[in-house]
Amino acid sequence: MTYTELSKNFDVGELAIYRTYGLCTVEGMEEMNGLEYLRLHSNEDDSAVLVPLTNAEELGLRHLSSKDTVEKALTILSDSSLPVREDWKQRLNENKSLMKTGTLDSVAKVVNCLYRRSKVKALPAMEKKIYESALSLLLEEACIVLGKDNREMRKIVFSRLENV
């Protein structure tokens, strides 16, 4: 994606998802050392983030999901047929790969898998961190897109996870 295309796709003040930082606000464009960057403000930790425009999409920068996409992700939470590997290393690698895609569906699959696994046995520290990150991303985006507060969204997410 070129600088011109990206600048047309993201407006100053727009909310975006950056897989490393979650929900961010687009603040503008910057040029440094001959490279062009999209400047973001991370809503989670109140930090400034520069994303190189040449590979912003590959780094996981995307627009907020549609309402339909959020609803589909919430449906994934109820899917008890998704596989949960016994081997924690395989599970960890699969979930890292899913998180790397940055899509909301992938994030929901990670939440589903690790939530169900945590019901059987406590998650190792690395998996717990991935689970918390995925859950946070899912909640943040779903709250914004569906116009619900965090507490209400948590109830919806956990009722889906419990298949209630």
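Since the structure is predicted, the reported quantities are computational estimates derived from the model, not experimental observations.
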Peer 1: What distance do I17 atom CD1 and L137 atom CG have between them, rounded to the nearest 0.5 Å?
Peer 2: 7.0 Å

Peer 1: Among residues at least two apart in sequence or on other chains, which ones pass side chain to side chain donor-acceptor pair (under 3.5 Å) with S78?
Peer 2: none

Peer 1: Applying side chain to side chain donor-acceptor pair (under 3.5 Å), can you list everything that pairs with R62, at least two apart in sequence or on another chain?
Peer 2: S65, E141

Peer 1: How long is the straight-line distance from CG of L114 back to CG of N95, given to the nearest 0.5 Å?
Peer 2: 4.5 Å

Peer 1: Mind checking whether Y37 and L53 have side chains closer than 4.5 Å, heavy atoms only?
Peer 2: no

Peer 1: Does V12 share a hydrophobic cluster with I144, counting links as ILVMFWY side-chain heavy atoms below 4.5 Å and allowing steps through other members?
Peer 2: no

Peer 1: Would you call T75 and D79 a side-chain contact if the rule is heavy atoms closer than 4.5 Å?
Peer 2: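 Not in contact.
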
Peer 1: Can you list the residues that meet the side chain to side chain contact (heavy atoms under 4.5 Å, CB included) rule with D68, with sequence neighbours excluded?
Peer 2: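 Result, side chain to side chain contact (heavy atoms under 4.5 Å, CB included) vs D68: S66.
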
Peer 1: Output the rest of the hydrophobic cluster of L82: all Ile, Leu, Val, Met, Phe, Trp and Tyr residues reachable through side-chain heavy-atom contacts under 4.5 Å, sorted by chain and number.
Peer 2: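 Besides L82, the hydrophobic cluster comprises I76, listed by chain and residue number.
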
Peer 1: Who are the side chain to side chain contact (heavy atoms under 4.5 Å, CB included) partners of R19, not counting sequence neighbours?
Peer 2: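 In terms of side chain to side chain contact (heavy atoms under 4.5 Å, CB included), with neighbours along the sequence ignored, R19 is linked to K100.
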
Peer 1: Is V49 close to V51 at the side-chain level, that is, under 4.5 Å between some pair of heavy atoms?
Peer 2: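 They are in side-chain contact.
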
Peer 1: Over all heavy atoms of both residues, which pair between P52 and L50 is shortest? Give the atoms and the distance, please.
Peer 2: CD-O, 3.9 Å

Peer 1: Only counting residues at least two apart or in another chain, list the ones meeting ring pair (Phe, Tyr, Trp, His ring centres under 6.0 Å) with Y131.
Peer 2: none

Peer 1: Side chains of V110 and L135: closer than 4.5 Å at any heavy-atom pair?
Peer 2: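 No, side chains not in contact.
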
Peer 1: Begin from the C-alpha positions of L40 and L61 and carry the test side-chain contact (heavy atoms from CB on, under 4.5 Å) through to its verdict.
Peer 2: CA-CA 10 Å; L40 307 173; L61 180 64; 3.8 Å; yes

Peer 1: Who are the salt bridge (charged side-chain N to carboxylate O under 4.0 Å, His left out) partners of K128, not counting sequence neighbours?
Peer 2: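 For K128 there are no salt bridge (charged side-chain N to carboxylate O under 4.0 Å, His left out) partners, ignoring immediate neighbours.
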
Peer 1: Return the minimal non-hydrogen interatomic distance between L138 and A73, and the atom names on each side.
Peer 2: CD1-CB, 4.4 Å

Peer 1: Can a donor-acceptor pair be found, under 3.5 Å and without considering hydrogens, that links the side chain of R91 to the backbone of R85?
Peer 2: yes

Peer 1: Search all heavy atoms of C24 against all heavy atoms of Y21 and return the closest pair with its distance.
Peer 2: SG-CB, 3.9 Å

Peer 1: Determine the minimum heavy-atom distance between A108 and L77, stating which atoms define it.
Peer 2: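 Nearest heavy atoms, A108 then L77: O-CD2, 3.6 Å.
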
Peer 1: For the pair N33 (side chain) and L35 (backbone), establish whether a donor and an acceptor sit closer than 3.5 Å, ignoring hydrogens and angles.
Peer 2: no

Peer 1: Could you state the interatomic distance from CG (L98) to OG1 (T103), rounded to the nearest 0.5 Å?
Peer 2: 7.5 Å

Peer 1: With a 4.5 Å limit on heavy-atom distance, are the side chains of E86 and K121 in contact?
Peer 2: no

Peer 1: When you measure from the side chain of S118 to the backbone N and O of Y115, does any donor-acceptor pair fall under 3.5 Å?
Peer 2: yes

Peer 1: Determine yes or no for a side-chain-to-main-chain donor-acceptor pair under 3.5 angstrom, with D11 supplying the side chain and E14 the backbone.
Peer 2: no

Peer 1: Among residues at least two apart in sequence or on other chains, which ones pass salt bridge (charged side-chain N to carboxylate O under 4.0 Å, His left out) with D105?
Peer 2: K72

Peer 1: Could you pull out every donor-acceptor pair under 3.5 Å between side chains of residues 149-157 and any protein atom, sequence neighbours left out?
Peer 2:
from : atom 1 : to   : atom 2 : distance (Å)
D149 : OD1    : R151 : N      : 3.3
D149 : OD1    : E152 : N      : 2.7

Peer 1: Between V26 and H41, is there a side-chain heavy-atom distance shorter than 4.5 Å?
Peer 2: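 Heavy-atom side-chain distance check fails, nothing below 4.5 Å.
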
Peer 1: Tell me, do L15 and N43 make a side-chain contact under 4.5 Å, heavy atoms counted?
Peer 2: yes

Peer 1: Are the side chains of V84 and C113 in touch, meaning some heavy atoms are under 4.5 Å apart?
Peer 2: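 Yes. Closest side-chain heavy atoms under 4.5 Å.
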
Peer 1: Working to the nearest 0.5 Å, report the span between CD of E30 and CE of M32.
Peer 2: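 Rounded to the nearest 0.5 Å, the CD-CE separation comes out at 6.5 Å.
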
Peer 1: Regarding R117 and E127, does a basic nitrogen lie under 4.0 Å from an acidic carboxylate oxygen?
Peer 2: no

Peer 1: To the closest 0.5 Å, what do you measure between OG (S80) and CG (N112)?
Peer 2: 8.0 Å

Peer 1: Rounded at 0.5 Å granularity, tell me how far CG in L74 sits from CD in E71.
Peer 2: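 Output value for this atom pair is 5.5 Å.
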
Peer 1: Taking ring pair (Phe, Tyr, Trp, His ring centres under 6.0 Å) as the test, write out the residues that go with H63, two or more places apart.
Peer 2: F10

Peer 1: Give me the atom names and distance for the closest heavy-atom approach of T101 to S106.
Peer 2: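 Looking at all heavy atoms of both residues, the closest pair is OG1-OG, 2.9 Å.
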
Peer 1: Considering residues at least two apart in sequence or located in another chain, which fulfil the salt bridge (charged side-chain N to carboxylate O under 4.0 Å, His left out) criterion with E140?
Peer 2: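 Scan of E140 (salt bridge (charged side-chain N to carboxylate O under 4.0 Å, His left out), adjacent residues dropped) gives none.
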
Peer 1: When hydrophobic residues are tied together by side-chain contacts of less than 4.5 Å, even through go-betweens, does L161 share a cluster with L146?
Peer 2: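 Yes: a chain of side-chain contacts under 4.5 Å links L161 to L146.
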
Peer 1: Mind checking what makes salt bridge (charged side-chain N to carboxylate O under 4.0 Å, His left out) contact with E27, not counting sequence neighbours?
Peer 2: R39

